[in-house]
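Heads up, the thing below is written out as structure tokens.
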Amino acid sequence: MGSIKFSLLCLVTGSVLFSVNFKACEAAEFVVDGKEKSWRVPASANGLNTWAEKERFKIGDSLVFKYDSKMDSLLRVEEGDYKKCNKMKPIKEYHDGNTVFEINESGSFFFISGVDGHCEKGEKLEVKVLSYKHSSPPPALAPKGSPATMPPPVLSPAESPESSTSVGSNLRIIDVSTFVVATLVGVAMV
């Protein structure tokens, strides 16, 4: 009887862990700055990049730029043109007002506004994309002699309450799976 419970526990635990890993690898859709019509001159000069630095972008994810196509546009540019706000040689131009940029490789991607003066006022974005082997954050190291602490998780726009895009929350999935595994272990020990 005990070996049947143990086998059942292993099967269920393996299934739960597989589903968590599968869900964690799922692509996400990020609305730039987490808001509608956010591709515009930000309130602070580095506002868009401050948002991007808090996110974890990976291959397969996509960026959604929402803007008024009559008033603005989006240019994907090289790093040098990004730093100088040079609109003359874009890699790609977008004018549709709802641009979806599919991330298909790791590295840095650079975007600027196509409207004169907007880039210089901060309407520009650098996105750093993790490679497959670097897609999870490194463990936090605590200084010698201090208790180990872990920073709070950073929520993507898909996970934040004010998000207009609905993508499943990996944190909630992990919490639920942890509860299920703990319950099964408790049942198996009875």
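Along the sequence shown, residues carry numbers from 1.
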Problem set entry | Nearest non-hydrogen partners of Lys89 and Asp81, listed with the distance | O-OD2, 3.8 Å
Exercise. So how far is it from Leu48 CG to Lys124 NZ, rounded to the nearest 0.5 Å?
Worked result: 11.0 Å
Exercise. Minimum heavy-atom separation for Gly97 to Ser69, with atom names?
Worked result: N-CB, 3.8 Å
For this session: Taking all heavy atoms of Gly60 and all of Ala27, pick out the closest pair and write down the distance.
Result: O-CB, 3.0 Å
Exercise. Can you tell me how far CG of Leu63 sits from CH2 of Trp39, rounded to the nearest 0.5 angstrom?
Worked result: 10.0 Å
Problem set entry | Pairwise distance CZ(Arg40) to CE(Met71) - rounded to 0.5 angstrom | 12.0 Å
Exercise. In chain order, what residues pass the side chain to side chain donor-acceptor pair (under 3.5 Å) check against Lys84, with sequence neighbours excluded?
Worked result: none
For this session: To the nearest 0.5 Å, tell me how far Ser73 OG sits from Tyr94 OH.
Result: 12.0 Å
For this session: Please answer: with hydrophobic residues joined when any side-chain heavy atoms are less than 4.5 Å apart, are Ile103 and Trp51 in the same cluster?
Result: yes
Problem set entry | Set of residues satisfying side chain to side chain donor-acceptor pair (under 3.5 Å) with respect to Asp68, sequence neighbours excluded | none
Exercise. Would you find more than 12 non-hydrogen atoms of other residues, nucleotides or ligands less than 6.0 Å from Glu120 atom CD?
Worked result: yes
Problem set entry | For Ile91 against Glu78, the heavy-atom pair lying closest together | CD1-OE2, 3.4 Å
For this session: Report yes or no: do Val77 and Phe65 belong to one cluster of Ile/Leu/Val/Met/Phe/Trp/Tyr joined by side chain heavy-atom distances under 4.5 Å?
Result: no
For this session: Walk me through it: do Val64 and Glu29 pass the test side-chain contact (heavy atoms from CB on, under 4.5 Å)?
Result: CA-CA 7 Å; Val64 180; Glu29 186 175 83; 3.4 Å; yes
Exercise. Roughly how far, to the nearest 0.5 Å, is the CD atom of Glu55 from the CG atom of Asp61?
Worked result: 9.5 Å
Exercise. Is Tyr82 reachable from Leu74 through a run of hydrophobic residues whose side-chain heavy atoms are each under 4.5 Å from the next?
Worked result: no
Exercise. Under 3.5 Å, is there a donor-acceptor pair linking the side chains of Thr99 and Tyr67?
Worked result: yes
Show me the donor-acceptor pairs within less than 3.5 Å that the side chains of residues 107-119 make with the rest of the protein, sequence neighbours left out.
{"unit_1": "Ser113", "atom_1": "OG", "unit_2": "Asp72", "atom_2": "OD1", "d": "2.6"}
{"unit_1": "Ser113", "atom_1": "OG", "unit_2": "Val115", "atom_2": "N", "d": "3.1"}
{"unit_1": "Asp116", "atom_1": "OD1", "unit_2": "Lys87", "atom_2": "NZ", "d": "2.0"}
{"unit_1": "His118", "atom_1": "ND1", "unit_2": "Glu123", "atom_2": "OE1", "d": "2.7"}

For this session: Would you check if Val32 and Ser38 make a side-chain contact, meaning some heavy-atom pair closer than 4.5 Å?
Result: yes
Problem set entry | Interatomic spacing from CZ in Arg76 to CD in Glu93 - rounded to 0.5 Å | 13.5 Å
